[in-house]
There are 2 protein chains.
Amino acid sequence: MARKPNALRLEEIYHKIEAYPGKRAASLARLLGLNRSEVTRSLPALEERGWLVYEDDRGGLYPFDKANSQN
Amino acid sequence: MARKPNALRLEEIYHKIEAYPGKRAASLARLLGLNRSEVTRSLPALEERGWLVYEDDRGGLYPFDKANSQN
DNA sequence: AAAGCTTGTTGCAGGGAATGCAACAGAGGT
DNA sequence: ACCTCTGTTGCATTCCCTGCAACAAGCTTT
């Protein structure tokens, strides 16, 4: 089934968060053709790699890098 | 057996190369408690992650970052 | 109030990939 | 010759990533 290496998966997810800041996990999953669980389960792994993700009170996801404290 | 995630494994290997530049794969394997094959098989994965490793003609391994061309 | 839809989470099973072991050939030293 | 150490590789085992399905909670629309 040609599973992609984990690193590329995480990179895709983070890039989608950058491209669509504020989207919820389910929306990103549809954009990426992934299962919802895959996206939510990847968030901790993203942070471990230094790609911090901020989550607002409605589940919207935003990139949290570049020392941007207005998120 | 508490196998560590692949990313941490690769990081450990590269840190050992930094700590003991010039050591061969078998030496690093002993220092890390790993099999020799694990270290040599990890070298391509290290490069894919941007942790370039230089290998001299006797098998000694060196970090190859920081634009250091005297390696 | 219901019914419907979407969300995030979680348990489970399948499968791909990482790992360890052992054997091998080659290089070097005694 | 022998012995040791090295890197490589084939194979079997095991890990854990992934998708699926079910669930509860929240929200909107009847």
Side-chain angles (χ1 to χ4, degrees), chain A residues 1-66 68-71, chain B residues 1-66 68-71:
Chain A
M1 298 187 74
R3 187 173 69 157
K4 295 186 182 175
N6 187 262
L8 294 182
R9 265 295 168 74
L10 298 179
E11 215 168 327
E12 286 182 348
I13 293 173
Y14 188 73
H15 287 344
K16 279 295 177 190
I17 295 175
E18 289 180 313
Y20 299 90
K23 287 287 184 185
R24 305 176 72 172
S27 300
L28 298 169
R30 283 190 299 269
L31 290 171
L32 289 163
L34 302 177
N35 198 281
R36 277 173 289 143
S37 56
E38 176 63 12
V39 175
T40 54
R41 280 198 270 231
S42 295
L43 296 181
L46 281 175
E47 310 223 342
E48 289 176 6
R49 285 167 176 263
W51 296 329
L52 301 183
V53 174
Y54 171 74
E55 184 176 355
D56 66 21
D57 55 353
R58 289 194 326 289
L61 300 175
Y62 304 82
F64 195 83
D65 50 4
K66 296 148 190 163
N68 187 350
S69 61
Q70 51 185 341
N71 279 339
Chain B
M1 297 186 76
R3 188 174 69 158
K4 296 186 182 175
N6 186 262
L8 294 182
R9 263 296 169 73
L10 297 179
E11 215 168 328
E12 286 182 347
I13 293 174
Y14 188 72
H15 286 345
K16 278 296 176 188
I17 294 176
E18 290 180 312
Y20 299 90
K23 287 287 184 185
R24 307 176 73 171
S27 300
L28 297 169
R30 282 190 299 270
L31 289 171
L32 290 162
L34 302 176
N35 196 281
R36 278 173 289 142
S37 57
E38 175 65 11
V39 175
T40 54
R41 280 198 271 232
S42 295
L43 296 181
L46 283 175
E47 310 223 342
E48 289 175 7
R49 285 168 176 261
W51 297 328
L52 302 182
V53 174
Y54 171 74
E55 183 175 355
D56 66 21
D57 55 352
R58 289 193 327 290
L61 301 176
Y62 303 83
F64 196 83
D65 52 2
K66 295 151 190 162
N68 187 349
S69 60
Q70 52 185 340
N71 280 339

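Every heavy atom of this structure was used, including side-chain atoms; hydrogens, water molecules and symmetry mates were not. The chains referred to below are lettered A, B, ... by the order of the sequence lines, with proteins before strands, and numbering in each begins at 1.
For the pair B:Arg58 CZ and C:dG28 C1', the computed distance is 13 Å after rounding to whole Å. Atom C1' of nucleotide D:dG19 and atom CG of A:Leu34 are separated by 10 Å, given to the nearest angstrom. C:dT7 atom C1' lies 13 Å from atom CG of A:Leu28, rounded to whole Å. Atom CG of B:Asn35 is separated from atom C1' of D:dT6 by 13 Å (rounded to the nearest Å). Distance B:Glu55 CD to D:dG7 P: 8 Å, rounded to the nearest Å. Between B:Lys23 atom NZ and D:dT6 atom P there is a gap of 10 Å when expressed in whole angstrom units. Rounded to a whole Å, the CD atom of A:Glu38 is 13 Å from the P atom of C:dT9. Remark: C1' of C:dA18 and CD of B:Glu48 are 14 Å apart, rounded to the nearest angstrom.
Taking every heavy atom of both residues into account, A:Pro21 and A:Glu18 meet most closely at CD-O, 3.3 Å. What you find for B:Leu46 and B:Tyr14 is that their closest heavy atoms are CD2-CB, 4.0 Å. Closest of all the heavy-atom pairs between A:Pro44 and A:Thr40 is CD-O, 3.6 Å.
Scored by the side chain to side chain contact (heavy atoms under 4.5 Å, CB included) test, B:Arg24 finds no partners at all (sequence neighbours excluded). Not a single side chain to side chain contact (heavy atoms under 4.5 Å, CB included) links B:Glu48 to another residue, sequence neighbours left out. Evaluation of the side chain to side chain contact (heavy atoms under 4.5 Å, CB included) rule for B:Glu11 yields B:Leu8, B:His15, B:Trp51 as partners, not counting sequence neighbours.
OP1 or OP2 of D:dT18 lies within a sub-4.0 Å distance of a side-chain N or O belonging to A:Arg9. Side-chain nitrogen and oxygen atoms of B:Arg36 include none within less than 4.0 Å of the OP1 or OP2 phosphate oxygen of C:dC24.
Residue pairs that meet the salt bridge (charged side-chain N to carboxylate O under 4.0 Å, His left out) test with at least one member in residues 28-42 of chain B, sequence neighbours left out, are B:Arg9-B:Glu38.
Comparing C:dC21, D:dG7, C:dG8 by their nearest atom to the side chain of A:Ala26 picks out C:dG8.
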Shorter than 3.5 Å, N or O on both sides, protein versus nucleotides 25-29 of chain D: list them out with atom names.
none

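Less than 4.0 Å separates DNA chain D from at least one heavy atom of each of the following residues of residues 39-47 of chain A: A:Arg41.
By the 4.5 Å heavy-atom criterion applied to side chains, B:Lys23 and B:Ile17 are not counted as neighbours.
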Worked check of side-chain contact (heavy atoms from CB on, under 4.5 Å) between B:Tyr54 and B:Leu61
CA-CA 6 Å; B:Tyr54 171 74; B:Leu61 301 176; over 6 Å; no
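Nucleic acid contact class of A:Arg30 (heavy atoms, under 4.0 Å, all strands): sugar-phosphate only.
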